[in-house]
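To find a chain, count down the sequence lines: A is the first, B the second, and so on, and within it residues start at 1.
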Amino acid sequence: MSHSSTLLHFLRHVSFPPDRHLLPSALKSCPARPLARALHAAAAVSGLAEDPFVASSLLHTYLRLGAPGDARSVFDRMPEKSVVGWSALIAGYSARGDAEAAWGLLEQMRSAGVEPNVITWNGLVSGLNQSGRALDAVTALARMHREGFLPDATGVSCALSAVGDVKELSVGEQVHGYVVKAGCRLDACVVTALIDMYGKCGRADEISRVFHESSHMDVTSCNALVAGLSRNAQVSEALLLFREFVSRGVELNVVSWTLIVACCVQNGKDLEAVDLFRKMQSEGIEPNAVTIPCVLPAFANVAALMHGRAAHCFSLRQGFIHDVYVGSALVDMYAKCGKVRDARTIFDAMPSKNVVSWNAMIGGYAMHGEAANAVHLFRLMQNLKQKPDLVTFTCVLGACGQAGLTEDGRRYFHEMQQRHGISPRMEHYACMVTVLGRAGKLDEAYDLINEMPFEPDGCIWGSLLGSCRVYGNVLLAEVAAEKLFELEPENAGNYVLLSNIYASKKMWDGVNRVRDEMKNMGLKKEKGCSWIEIKNKVHTLLAGDNSHPMMTAITEKLNQLAIEMSRLGFAPSTDFVLHDVEEQEKDNILAVHSEKLAVALGLISTSPGTPLRVIKNLRICGDCHEAMKFISCFEGREISVRDTNRFHHFKDGKCSCGDYW
DNA sequence: GTAGGGTTAG
């Protein structure tokens with residue numbers, strides 16, 4: 001409804017002539033400024049505009065509708081300016097972020113002989129907090145205290161919220177002091193606000209202390225707790241407390257459940273998140289347009305495509321599909337589940353896109369090694385005047401690295417700085433090391449590392465080490481590995497990689513030295529873990545773990561495949577895989593890598609020709625890579641494996657990565 | 001018939 005028709009509609013239902021008792025309630029429900037002005041005019045004509053109640057109502061209405069100028073002129077005409085009028089005006093200016101005007105009014109009211117009360121002060125603090133002037137809000141609270149007013153529950157709650165915004169722990173502790181002095185530490189709102197403040201200031205220990213002291217359990221304290229613990233990576237504590245709220249029958253809402261799901265997703269507990277998402281619905285809580293993009297990364301991480309599709313359908317039914325966050329998360333989920341075409345379909349249908357949407361799609365192409373599509377989209381986004389950001393360049397440079405587009409990579413790295421004024425960060429240098437390393441320009445990559453304006457991290461050296469393996473450069477590999485052993489002494493993968501490089505050159509001394517060092521450090525290679533979704537259920541397979549109920553059949557299938565492989569002369573082409581450190585350890589001789597277990601399970605559990613999608617937690621090894629090529633051909637299956645680095649699509653004996661990984 | 005409060009994910 002337009003303003004004028006609202007006005008007509010309203011006037012028809014208001015009896016006239018206006019009177020001093022009716023006008024305030026009419027103003028209270030007045031929805032828009034033109035109507036307020038009409039009522040104001042009507043009041044003025046009948047000489048009611050200066051009635052204290054009518055004037056006060058006009059003042060509040062104008063402030064509520066964001067017309068401080070009108071409010072001010074009403075105020076200026078008030079014959080008797082009470083503390084109520086002054087307080088309202090001060091709150092109004094603070095809420096618009098005009099701290100200076102608010103302070104000025106406070107002075108003026110005093111000069112006029114009217115003293116502020118607690119409500120005046122709280123209005124000031126609250127308004128400043130609402131308008132994002134957090135430091136001013138805290139200053140106001142401190143001044144209130146200095147001038148003899150002990151802040152009450154309302155004041156400290158607002159101030160604590162402000163402290164959270166600026167993350168000033170020492171100020172927060174000072175406000176906590178007022179809480180103790182004023183004796184409002186058991187007030188439910190104050191407890192929640194304290195939890196929120198300590199969470200935002202990084203003090204998980206204080207969150208728990210405040211909560212246990214009050215033992216107040218309602219939906220808001222639960223939400224503040226989970227949000228605060230999640231922010232500080234205390235996922236176990238968050239889960240523990242959340243379950244306690246549930247078991248005590250506290251009525252939680254969609255925000256509570258979304259928070260705990262998001263907490264699990266952000267702290268690496270994907271399967272837990274999937275489970276909680278299901279539980280939430282069985283408890284009768286409908287996911288909303290925020291829940292969906294929170295849970296989708298969990299589906300993506302464990303390749304739960306069916307769950308992801310269900311969330312997609314749900315979003316269509318509920319009308320969330322046009323939400324830019326939902327769309328971007330779906331693009332990301334489909335790409336990570338191996339369905340880059342489906343991702344593109346969603347992307348193209350999105351009615352509005354932001355930089356996150358573009359990054360998700362470009363990153364999806366990069367992950368699948370489809371550099372041409374990534375670059376094309378990157379150009380398109382610029383034609384459509386969407387500005388790229390840091391992440392965009394990580395995706396584009398990543399795509400160039402995956403596909404060996406060395407010159408393009410160089411150009412974009414340059415363009416990013418010159419044309420877009422974005423200084424490269426660590427991840428961009430890591431991408432460039434891969435771009436150069438992929439082309440065998442190892443010395444150039446090493447030079448780039450030495451010219452970097454900050455200390456290179458493990459990713460940078462890891463990228464160089466990876467390229468050294470491909471090109472068999474032992475000398476640079478040793479340099480990179482030395483740095484890695486310093487930076488990531490606990491990361492066994494670096495030792496394994498160096499050992500593999502020695503093995504590929506038949507440098508057995510080196511192999512033994514690295515293996516001994518690993519043993520001395522007490523390091524074990526991270527257990528390989530793969531996920532495969534079969535008929536709506538995600539199966540987790542661990543290397544060397546025989547606990548899967550189908551293990552006998554899996555082993556039988558793998559043996560059969562091994563026999564076929566050697567019969568058809570499909571032997572691993574590289575040396576190093578036979579001398580993997582892992583395989584030299586007696587315990588591990590029989591360990592089969594998890595992706596092979598997953599594929600074998602997929603082969604025996606699905607009908608012929610069904611594509612298989614596997615996700616694994618480490619990089620795929622050379623032996624498995626060869627085996628997958630063979631299986632795709634021998635069994636006539638499309639197999640996709642997403643490792644920590646990228647997607648490998650195996651079909652007809654070939655891999656989409658072109659044997660570069 | 002007139003002024004005041006906290007939690008929410010990408």
Side-chain angles (χ1 to χ4, degrees), chain A residues 19-28 48 51-61 63-64 74 78 80 82-92 94-95 116-127 129-130 137 151-164 179 184 187-197 199-200 216 218-228 230-231 252-266 273 287-297 323-330 332 354-357 359-360:
Chain A
D19 74 53
R20 66 184 72 239
H21 299 288
L22 203 54
L23 272 168
S25 66
L27 283 163
K28 199 165 192 178
L48 294 172
D51 174 274
F53 289 108
V54 173
S56 189
S57 299
L58 278 168
L59 177 59
H60 285 106
T61 305
L63 288 173
R64 175 168 57 83
V74 171
M78 283 172 117
E80 297 262 326
S82 71
V83 64
V84 174
W86 284 104
S87 301
L89 207 57
I90 287 170
S94 334
N117 61 21
V118 173
I119 295 174
T120 318
W121 283 107
N122 285 348
L124 181 63
V125 176
S126 160
N129 174 41
Q130 274 169 34
D152 63 3
T154 301
V156 292
S157 298
C158 295
L160 286 168
S161 158
V163 172
V179 169
C184 56
D187 178 288
C189 300
V190 171
V191 171
T192 305
L194 277 170
I195 290 172
D196 177 59
M197 181 277 288
K200 287 176 176 160
H216 184 79
D218 68 1
V219 59
T220 56
S221 63
C222 175
N223 294 0
L225 266 173
V226 174
S230 176
R231 210 174 251 126
L252 301 179
N253 60 19
V254 62
V255 175
S256 328
W257 284 93
T258 302
L259 278 165
I260 192 70
V261 166
C263 175
C264 290
V265 172
Q266 284 154 20
N288 66 16
V290 178
T291 318
I292 298 300
C294 285
V295 74
L296 281 172
D323 182 296
V324 65
Y325 292 106
V326 172
S328 305
L330 283 170
D332 182 65
N354 61 20
V355 68
V356 177
S357 332
N359 292 349

Suppose we call a contact any N or O donor and acceptor under 3.5 Å apart; does that hold for the side chain of [X] and the base of [N]?
X         : N      : value
Ser157(A) : dG5(B) : no
Thr220(A) : dT7(B) : no
Asn117(A) : dA3(B) : yes

Rounding to an integer number of Å, can you tell me how far [X] [atom1] sits from [N] [atom2]?
X         : N      : atom1 : atom2 : answer
Leu252(A) : dT8(B) : CG    : P     : 16 Å
Gln266(A) : dA9(B) : CD    : P     : 9 Å
Leu23(A)  : dT2(B) : CG    : P     : 13 Å
Asp196(A) : dG5(B) : CG    : P     : 17 Å
Gln130(A) : dG6(B) : CD    : C1'   : 12 Å
Asp218(A) : dT8(B) : CG    : P     : 14 Å
Leu160(A) : dG6(B) : CG    : P     : 11 Å
Arg64(A)  : dG4(B) : CZ    : P     : 11 Å

Let's see if you can work this out: which of [options] has an atom nearest to the side-chain heavy atoms of [X]?
X         : options                : answer
Cys189(A) : dT2(B), dT8(B), dG6(B) : dG6(B)
Thr154(A) : dA9(B), dT7(B), dG4(B) : dG4(B)
Ile119(A) : dG4(B), dT8(B), dA9(B) : dG4(B)
His60(A)  : dA9(B), dT8(B), dA3(B) : dA3(B)
Ala153(A) : dA3(B), dG1(B), dG5(B) : dG5(B)
Asp152(A) : dG1(B), dA9(B), dG4(B) : dG4(B)

### Query
Is any side-chain N or O of Ser161(A) closer than 4.0 Å to OP1 or OP2 of dG5(B)?
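No.
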#### Entry: Lys200(A) side-chain N/O to dT8(B) phosphate OP1/OP2 under 4.0 Å
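Yes, Lys200(A) has a side-chain N/O under 4.0 Å of OP1/OP2 on dT8(B).
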Could you check whether [X] gets within reach of a base, just the sugar-phosphate, or nothing at all, counting any heavy atom under 4.0 Å?
X         : result
Ala188(A) : base
Ala162(A) : nothing
Asp51(A)  : base
Val326(A) : base
Asp187(A) : base
Asp332(A) : nothing
Thr258(A) : base
Arg231(A) : sugar-phosphate

State, yes or no, whether a side-chain contact exists between [X] and [Y] at a heavy-atom distance under 4.5 Å.
X         : Y         : value
Val295(A) : Pro287(A) : no
Val190(A) : Leu194(A) : yes
Leu259(A) : Cys263(A) : no
Val290(A) : Val254(A) : no

### Query
Can Asn129(A) and Ser126(A) be counted as having a side-chain donor-acceptor contact under 3.5 angstrom?
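Not at all, the side chains of Asn129(A) and Ser126(A) share no donor-acceptor pair under 3.5 Å.
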#### Entry: Asn117(A)-Thr120(A) side chain donor-acceptor pair, cut-off 3.5 Å
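There is such a pair between these side chains.
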### Task
Verify side-chain contact (heavy atoms from CB on, under 4.5 Å) between Ser357(A) and Asn354(A), making sure each step is shown before the conclusion.
CA-CA 5 Å; Ser357(A) 332; Asn354(A) 61 20; 3.0 Å; yes
